[in-house]
Protein chains: 2
Amino acid sequence: MSCSTILKQKGYKMTPQRRLIVEYIHDNQSHLTADELISFLETRAPGINKSTVYRTLDLLEESGCVVKSEIDGHFIYHHAEEGHHHHLVCRVCGKTQDCNENLFSSVKDVLANRYGFQADFKHIMITGLCSACRKKSR
Amino acid sequence: MSCSTILKQKGYKMTPQRRLIVEYIHDNQSHLTADELISFLETRAPGINKSTVYRTLDLLEESGCVVKSEIDGHFIYHHAEEGHHHHLVCRVCGKTQDCNENLFSSVKDVLANRYGFQADFKHIMITGLCSACRKKSR
DNA sequence: ATCGTAATTGCAACCAGTTGCTATTATATA
DNA sequence: TATATAATAGCAACTGGTTGCAATTACGAT
């Protein structure tokens, strides 16, 4: 189901601003930042306000159309249909690789059993050292 | 070894501002936020600037005296000597509980073997639903 | 004890993101 | 098609955090 349909079903209105944002997210399979989106919108809808952008992104997240992750104090958004995967972010070169493994299922079980805590573990950002930077530092 | 000693050994100067910040961190075993620290400093050293506080915290992190974690777009600092543990943050009530388990060792192994990625996994913030909020929502 | 200098501070401006408010607008209904 | 109204957009002010710069200061060498 498309993002627009979901928003309408939830009783939200489809404004030109929202249409553009949703369009950009659909055309853009990979991760996007609010900044990226804002500079795209400046070419298509000059005058659009950043608070509109952030509020729309929050709305889309709340509606499950988009997943919001954080890394190093700022936010990244993914189209939810991409499927759940995690991101390995190198703390030296900054490069990111995806990993689609179901890595955290055992951790989830431990937390549920011992702490009664139901962990989210969606689109985790894992910082560390990538193989290239590891070799360089040796 | 004390934080001041470490800073001196690294060739950094001990200023009154830094002395106060280090003192607060030593007296305060649990997590602290920059805001907390800033409002403490306002009583002891009026006029101290927030950029000094943030720069000192970054310095202490770089020197390994303090660990910086992020949650929901803002930062939390821990005295490094507390030992490594993780935090379970409830996305509903916001409460945090510590968990000292060596939860991620198996995940670390998988990432190292399959991706050549050396994950950090120190002071992870795990968001989810705590047992109390889980019961309420049922 | 004084001096030279590199490190550090405070400042002001900035960045990403948030919020309360008022004016505008999408949409359901008649 | 016109209208009522709740949702929304834009605005301006704000928050937490960062940065470049000029003035100050800690501290090693003399």
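Throughout, a chain's letter reflects where its sequence line sits, starting with A, and its residues are numbered from 1.
- For D/dA9, the OP1/OP2 oxygens have a side-chain nitrogen or oxygen of A/R18 closer than 4.0 Å.
- Regarding contacts with the backbone of D/dT8, every side-chain N or O of A/T15 stays at 4.0 angstrom or more from both OP1 and OP2.
- In this structure, B/I76 and B/R19 both approach DNA chain D, and ranking their closest nucleotides by distance from the 5' end singles out B/I76.
- Mapping B/Y12 and B/K50 onto DNA chain C via the closest heavy atom, the residue that lands nearer the 5' end is B/Y12.
- Annotation: the terminal axes of the helix from C/dA1-D/dT30 to C/dA30-D/dT1 meet at 20°, where each axis is the rotation carrying the C1' atoms of four end pairs onto the next four (5 pairs per end, rounded to 10°).
- For DNA chain C, the span of nucleotides reached by chain A at under 4.0 Å from its heavy atoms goes, 5' to 3', from C/dA16 to C/dT27.
- The separation between B/D35 atom CG and D/dT18 atom P is 12 Å, rounded to whole Å.
- Side chains of B/N49 and B/S51: a donor on one and an acceptor on the other come within 3.5 Å.
- The separation between A/L7 atom CG and D/dA9 atom P is 11 Å, rounded to whole Å.
- When the C1' atom of D/dT15 is taken as reference, atom NE2 of A/H74 falls 18 Å away, rounded to whole Å.
- In the hydrophobic clustering of this structure, A/Y12 groups with A/I25; members are Ile, Leu, Val, Met, Phe, Trp, Tyr whose side-chain heavy atoms approach within less than 4.5 Å, directly or through other members.
- One can place CD of B/E70 at 13 Å from C1' of D/dG16, the figure rounded to the nearest angstrom.
- Between B/K8 atom NZ and D/dA26 atom P there is a gap of 13 Å when expressed in whole angstrom units.
- In this structure, A/E62 places its CD atom 13 Å from P of D/dA7, rounding to the nearest Å.
- Taking the side chain as every heavy atom from C-beta outward, A/F75 and A/T33 never approach each other to under 4.5 Å.
- B/F104 has its side chain within reach of B/I124: a pair of non-hydrogen atoms, C-beta onward, lies under 4.5 Å apart.
- Residues A/H123 and A/H86 place their aromatic rings such that the two centres sit no closer than 6.0 Å.
- As rounded to whole Å, 13 Å separates atom P of D/dT8 from atom CG of A/D58.
- Note: CD1 (B/I48) to P (D/dT25) measures 14 Å, nearest angstrom.
- For the pair B/L7/B/L60, a side-chain contact is recorded, criterion being any heavy-atom separation below 4.5 Å from C-beta on.
- Below 30°, between 30° and 60°, or above 60°: for B/H87 and B/H85 the angle between ring planes is above 60°, a perpendicular geometry.
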For residues 64-72 of chain B, tabulate all N or O donor-acceptor pairs below 3.5 Å that involve a side-chain atom, not counting sequence neighbours.
{"unit_1": "B/K68", "atom_1": "NZ", "unit_2": "B/D58", "atom_2": "OD1", "d": "3.2"}
{"unit_1": "B/S69", "atom_1": "OG", "unit_2": "B/H78", "atom_2": "NE2", "d": "3.1"}
{"unit_1": "B/E70", "atom_1": "OE1", "unit_2": "A/D72", "atom_2": "N", "d": "3.4"}
{"unit_1": "B/E70", "atom_1": "OE1", "unit_2": "A/G73", "atom_2": "N", "d": "3.0"}
{"unit_1": "B/E70", "atom_1": "OE2", "unit_2": "A/D72", "atom_2": "N", "d": "2.6"}

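- Nearest-nucleotide mapping onto DNA chain D: of A/Q17 and B/F75, the residue sitting toward the 5' end is A/Q17.
- Using a 4.0 Å cut-off between charged side-chain N and carboxylate O, B/E23 and B/R44 make a salt bridge.
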